[in-house]
Amino acid sequence: MAMAMRLPAIARAATEMAAAPVGLRRLFCSNATNFSFLSPQANSETPARPQADPSTNLFVSGLSKRTTSEGLRTAFAQFGEVADAKVVTDRVSGYSKGFGFVRYATLEDSAKGIAGMDGKFLDGWVIFAEYARPREPYRPQNNMPPSPYGNRY
DNA sequence: GATGAGCGC
């Protein structure tokens, strides 16, 4: 009586893969898009920089809502030593925001992580892996506006 | 989640 009938995981994955824009990202986001290095003397400054500076920290977007930090770490650990992996979730709802961060132990590991995971599938979604920008500066969490009823939070 | 580009506490 229980309707526990489910499609096999392979069937669900195939369905999602068929709908996912696998080759689409190369049209506007590719690692080979930056050709500015072809003119070494012409660009003392490169204002148009799609990717951030190389770092051990990676920004991963396009994640499935079901992907957790552990799944993120497991996937990226195939290409290097992962020091930290985190899926960003909403503080109040707890749901994944669909992106996260992966910090590798070394720069070469992070480079291999991008090469190995960027544009690949994770939980049925095409994910984008790139170097993360430097994080927001630390901010004391005492910026709560004063309340006439008292600060309880 | 019913939200699908993005840069976290």
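The sequence lines fix the lettering, A, B, ..., with proteins before strands; numbering per chain opens at 1.
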Next on the checklist: Centroid distance below 5.5 Å plus an interplanar angle below 30 degrees: do F101(A) and dG8(B) meet both conditions?
Outcome noted: yes

Checklist entry - Whole-Å distance between dG4(B) P and W125(A) CH2? => result 9 Å

Checklist entry - Does R73(A) use its side chain to pair, donor to acceptor, with the backbone of A83(A) at less than 3.5 Å? => result yes

Item to check | Side chain to side chain, V82(A) and Y104(A), heavy atoms closer than 4.5 Å | outcome: yes

Checklist entry - Do any of residues 82-90 of chain A sit with a heavy atom less than 4.0 Å from DNA chain B, and if so which? => result K86(A), V88(A)

Item to check | Given dA5(B), dG8(B), dC9(B), the nucleotide with the shortest approach to the side chain of K65(A) | outcome: dA5(B)

Next on the checklist: If I take atom CZ in residue R66(A) and atom P in nucleotide dG4(B), what distance separates them, rounded to the nearest angstrom?
Outcome noted: 17 Å

Next on the checklist: What's S69(A) touching, base or sugar-phosphate or nothing? Going by heavy atoms closer than 4.0 Å.
Outcome noted: nothing

Checklist outcome for this item: To the nearest angstrom, the CZ-C1' distance between F99(A) and dC7(B) comes to 6 Å

Checklist outcome for this item: The answer to which of S93(A) and G62(A) contacts DNA chain B further toward the 5' end, by nearest nucleotide, is S93(A)

Checklist entry - Taking CG from L58(A) and C1' from dG6(B), how many angstroms apart are they, rounded to a whole number? => result 15 Å

Checklist outcome for this item: Rounded to whole Å, the CZ-C1' distance (F121(A) to dG4(B)) equals 15 Å

Item to check | Value in whole Å for how far the P atom of dG8(B) lies from CZ of R91(A) | outcome: 11 Å

Checklist entry - Just checking G100(A): base, sugar-phosphate only, or nothing, at a heavy-atom cut-off of under 4.0 Å? => result nothing

Checklist entry - Heavy-atom count around E81(A) CD within 6.0 Å, excluding the residue itself: above 12? => result no

Checklist entry - Do the side-chain N or O atoms of R133(A) get closer than 4.0 angstrom to the phosphate oxygens (OP1, OP2) of dC7(B)? => result yes

Checklist entry - Does any N or O in the side chain of S69(A) come within less than 3.5 Å of the main-chain N or O of V87(A), such that one atom is a donor and the other an acceptor? => result yes

Checklist entry - Relative to the 5' end of DNA chain B, which residue comes earlier, S96(A) or L63(A), by the nucleotide with the nearest heavy atom? => result S96(A)

Checklist entry - Rounded to the nearest Å, what distance is computed from the CD1 atom of residue I127(A) to the C1' atom of nucleotide dG4(B)? => result 14 Å

Item to check | Derivation of the ring pair (Phe, Tyr, Trp, His ring centres under 6.0 Å) call for F59(A) and Y131(A) | outcome: CA-CA 6 Å; F59(A) 171 69; Y131(A) 293 118; over 10 Å; no

Checklist entry - Is the closest side-chain heavy-atom distance between F76(A) and V60(A) below 4.5 Å? => result yes

Item to check | Spatial distance of atom CG (D123(A)) from atom CG (L63(A)) [nearest 0.5 Å] | outcome: 8.5 Å

